[in-house]
Amino acid sequence: MLFLPAGLLAVTNTSNVICRGSLQIEHREELAGKLRKITGWTDLKFDRSGVLRLGTNHVGGSAKARELLSRVVMGGTVVVLEDASKRADIAFCQVVPGKWKASVPETRPAFVVQIDFSDFENVMGDERALEAFNAGWGLLHELDHVVNNSVDATCLGEPGECETHINDMRRECGLPQRAEYFHTYSPLTVDSAFMPPLVQLSFEHALDKKKKRYLLVWDAKLIGGVSEGGRIAVLR
Ligand SMILES: [Zn+2]
């Protein structure tokens, strides 16, 4: 549970999505750029107060992503975006409930999406899969949890309800879809004392009758999220 100050309240009258002051301008720009590409909204941006402003014109992009963002921005829940870069306990992104400080006259529920931008910089792999897995897609995943109350996969080898919604958006963008929710240890480095523990996440794209597979790989120690003694890591 994160406590939220009144400063966040004043600017959320026309959009429910706002950046914390500590979320650097470069990261806001990075996030807005990814969201412009996904939604096709050429004029989507964070304004000078850090409030997310949706676009008015779109060129291509995912209609489902535009619908999800519209529902968050105009809905009844406040979403605060926080920079969680280089935090060892956060792998990519997570969403946690927020609570207004006692002095704040606000009754709307609030959630905080924490984004570890540095984690995304440490991912390597196929260009097409990298396009389908970045801070913009991570934010949409967390927003789907907030708006649709969707759940993540509980078994290996499946994307789960939340990522299935996000995969619909990837399809609309002509990108490969995430084939699994949990990443697994890369067969290249299992039981090797000399290599960092690489994990992999697979994406696939159906073209005609063939499925093309794309892989992302990262060093689990750099990104975090590996459970103590466990063989699989958890991404919320
Ligand atoms: Zn999730």
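Atoms within a ligand are numbered from 1 in the order they appear, just like the ligands themselves. Computed from a predicted structure; not experimentally measured.
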Would you call Lys64 and His165 a side-chain contact if the rule is heavy atoms closer than 4.5 Å? no

Answer yes or no: is there a side-chain heavy-atom contact under 4.5 Å between Val112 and Leu4? yes

The Zn ion (ligand 1) contact by Asp144, N, O or S atom under 2.8 Å: no

Counting backbone and side-chain atoms alike, is an N, O or S atom of Cys162 positioned under 2.8 Å from the Zn ion (ligand 1)? no

Of all pairs that satisfy ring pair (Phe, Tyr, Trp, His ring centres under 6.0 Å), the ones with a partner from residues 15-59, not counting sequence neighbours: His27-Phe117

Is it the case that Glu82 and Ser22 place a side-chain donor and acceptor less than 3.5 Å from each other? no

What is the name of the N/O/S atom of Asp152 that is nearest to the Zn ion (ligand 1)? OD2

